[in-house]
Amino acid sequence: MSPPEPVPPGDALIPDSNPKEREPKPLMSRAMILALVPQIPLLVGVAILHTLRMSEQSKYLDLRTALFVALMRSMINPSKPMSITSTQKFASQAPKIKGRIWISTYTCPPPPAGETGLQGAIAKAIDGLHNPKLPKPSYDMAQPAPVEAEWTGYRAEATAESRLPSVSERELYGEMMKEVKSPATVLYFHGGAYFLMDPATHRPTCKILAKLTGGRVYSVRYRLAPQHPFPAALMDALMSYLALLYPPEGAFHEAVKPEHIVFAGDRYFSLSPLHPPPY
């Protein structure tokens with residue numbers, strides 16, 4: 001008798017109505033695998049020292065976290081340094097979209113030229129948090145720009161190999177909404193220290209959130225530093241929130257009630273000017 005198939009982490013949270021079609025973990029891209037091969041000696045060494053409790057990190061990190069930290073440090077400080085642009089490109093790789101997930105990409109337009117309410121609100125928030133005992137921080141106010149985001153939903157009737165239909169983004173959104181059972185809308189901001197990652201790298205997380213809530217996820221592709229320094233990401237976050245409340249002309253969605261919006265994300269993303277990015 002062959003052993004049972006392992007259950008993917010996300011699908012283990014809620015019993016699946018069809019266990020035989022449980023979705024496997026997404027495979028890493030070929031480029032990512034090739035990039036990880038040189039790190040094998042490092043990861044083996046970290047694992048051995050951690051298991052023997054001979055590393056400092058073993059006192060307060062589990063093995064999985066210790067391996068992840070070692071890998072990220074090697075990527076951020078490699079022996080042959082990569083440019084920030086190359087690092088961003090590498091860190092934003094993601095498998096092709098397939099399985100029990102709906103993705104519909106929407107671009108929120110910026111406010112009309114001449115309107116400065118967005119910049120004014122952000123400047124007021126930053127100034128309001130200023131400690132008069134400290135020097136006043138200086139920054140260049142970002143200009144509004146189109147903000148792309150991914151509407152994400154759980155596709156219950158799909159299989160692990162299902163691809164998205166070849167239809168428009170608006171039609172994909174309509175198909176996703178047929179399976180949405182809750183008014184909950186998760187406004188999601190991916191992590192990455194403000195200069196790495198992308199909504200595409202966090203699709204498995206957003207799929208789980210959509211499944212758990214029965215709602216949908218709006219995962220924002222905010223601008224990244226250092227190409228777009230603070231407060232560009234904060235501005236994109238505020239624009240995305242306002243777009244949910246007051247859909248721009250041509251938006252896929254109808255207005256979302258504030259009580260139905262859930263803010264979510266993973267570190268490192270903070271909406272507070274008290275914790276701006278290091279650029």
State, with a plain yes or no, whether a side-chain heavy atom of [X] is found less than 4.5 Å away from one of [Y].
{"X": "Val186", "Y": "Cys206", "answer": "no"}
{"X": "Met239", "Y": "Cys108", "answer": "yes"}
{"X": "Pro199", "Y": "Val220", "answer": "no"}
{"X": "Gln88", "Y": "Leu224", "answer": "yes"}
{"X": "Pro258", "Y": "Leu245", "answer": "yes"}
{"X": "Pro110", "Y": "Glu115", "answer": "no"}
{"X": "Tyr222", "Y": "His190", "answer": "yes"}
{"X": "Met54", "Y": "Ile48", "answer": "no"}

Going hydrophobic residue to hydrophobic residue with side-chain gaps under 4.5 angstrom, can you get from [X] over to [Y]?
{"X": "Ile126", "Y": "Met235", "value": "yes"}
{"X": "Leu52", "Y": "Leu61", "value": "no"}
{"X": "Val256", "Y": "Val147", "value": "yes"}
{"X": "Val262", "Y": "Val180", "value": "no"}
{"X": "Tyr188", "Y": "Ile208", "value": "no"}

Exercise for the section: Enumerate the residue pairs fulfilling ring-ring contact (aromatic ring centres under 6.0 Å, His included) with a member in residues 124-153, sequence neighbours excluded, ordered by first and then second residue. Expected result: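 Counting only pairs at least two positions apart or across chains, the ring-ring contact (aromatic ring centres under 6.0 Å, His included) contacts touching residues 124-153 are Trp151-Tyr173, Trp151-Tyr218, Trp151-His253.
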Do side-chain atoms of [X] reach the backbone of [Y] as a donor and acceptor pair under 3.5 angstrom?
{"X": "Thr116", "Y": "Gln119", "value": "no"}
{"X": "Gln93", "Y": "Phe90", "value": "yes"}
{"X": "Asp236", "Y": "Arg223", "value": "yes"}
{"X": "Arg221", "Y": "Glu150", "value": "no"}
{"X": "Asp198", "Y": "Ser92", "value": "no"}
{"X": "Ser104", "Y": "Glu169", "value": "yes"}

Of the non-hydrogen atoms in [X] and [Y], which two are nearest, and what is the gap between them?
{"X": "Pro146", "Y": "Thr107", "result": "CB-CG2, 3.7 Å"}
{"X": "Ala237", "Y": "Phe189", "result": "CB-CE2, 3.5 Å"}
{"X": "His50", "Y": "Leu63", "result": "CE1-N, 3.4 Å"}
{"X": "Lys98", "Y": "Ile101", "result": "O-CG2, 3.7 Å"}
{"X": "Ala91", "Y": "Leu196", "result": "CB-CD2, 3.9 Å"}
{"X": "Pro247", "Y": "Ala251", "result": "CB-CB, 3.9 Å"}

As an exercise, state the distance from [atom1] of [X] to [atom2] of [Y], rounded to the nearest 0.5 Å.
{"X": "Phe252", "Y": "Thr105", "atom1": "CZ", "atom2": "OG1", "answer": "8.0 Å"}
{"X": "Leu49", "Y": "Gln57", "atom1": "CG", "atom2": "CD", "answer": "9.0 Å"}
{"X": "Leu164", "Y": "Glu175", "atom1": "CG", "atom2": "CD", "answer": "10.5 Å"}
{"X": "Tyr194", "Y": "Met197", "atom1": "OH", "atom2": "CE", "answer": "15.5 Å"}
{"X": "Thr152", "Y": "Met176", "atom1": "OG1", "atom2": "CE", "answer": "7.5 Å"}
{"X": "Leu234", "Y": "Ile122", "atom1": "CG", "atom2": "CD1", "answer": "5.0 Å"}

Hey, is [atom1] on [X] packed in by over 12 heavy atoms from elsewhere, all under 6.0 Å?
{"X": "Glu259", "atom1": "CD", "answer": "yes"}
{"X": "Tyr60", "atom1": "OH", "answer": "yes"}
{"X": "Asp140", "atom1": "CG", "answer": "no"}

Exercise for the section: Give a yes or no on whether a salt bridge exists between Glu179 and Arg155, defined as a side-chain N under 4.0 angstrom from a carboxylate O. Expected result: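 Here Glu179 does not pair with Arg155 in a salt bridge, since their nearest N and O are not under 4.0 Å apart.
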Handout entry: ring-ring contact (aromatic ring centres under 6.0 Å, His included) between Tyr241 and Phe263, worked out
Key = CA-CA 9 Å; Tyr241 175 63; Phe263 286 86; 5.4 Å; yes
Exercise for the section: Report the C-alpha separation of Ser240 and Leu187 in whole Å, then their side-chain angles, then the decisive distance to 0.1 Å, and conclude whether the side-chain contact (heavy atoms from CB on, under 4.5 Å) test is met. Expected result: CA-CA 8 Å; Ser240 300; Leu187 179 56; 4.2 Å; yes
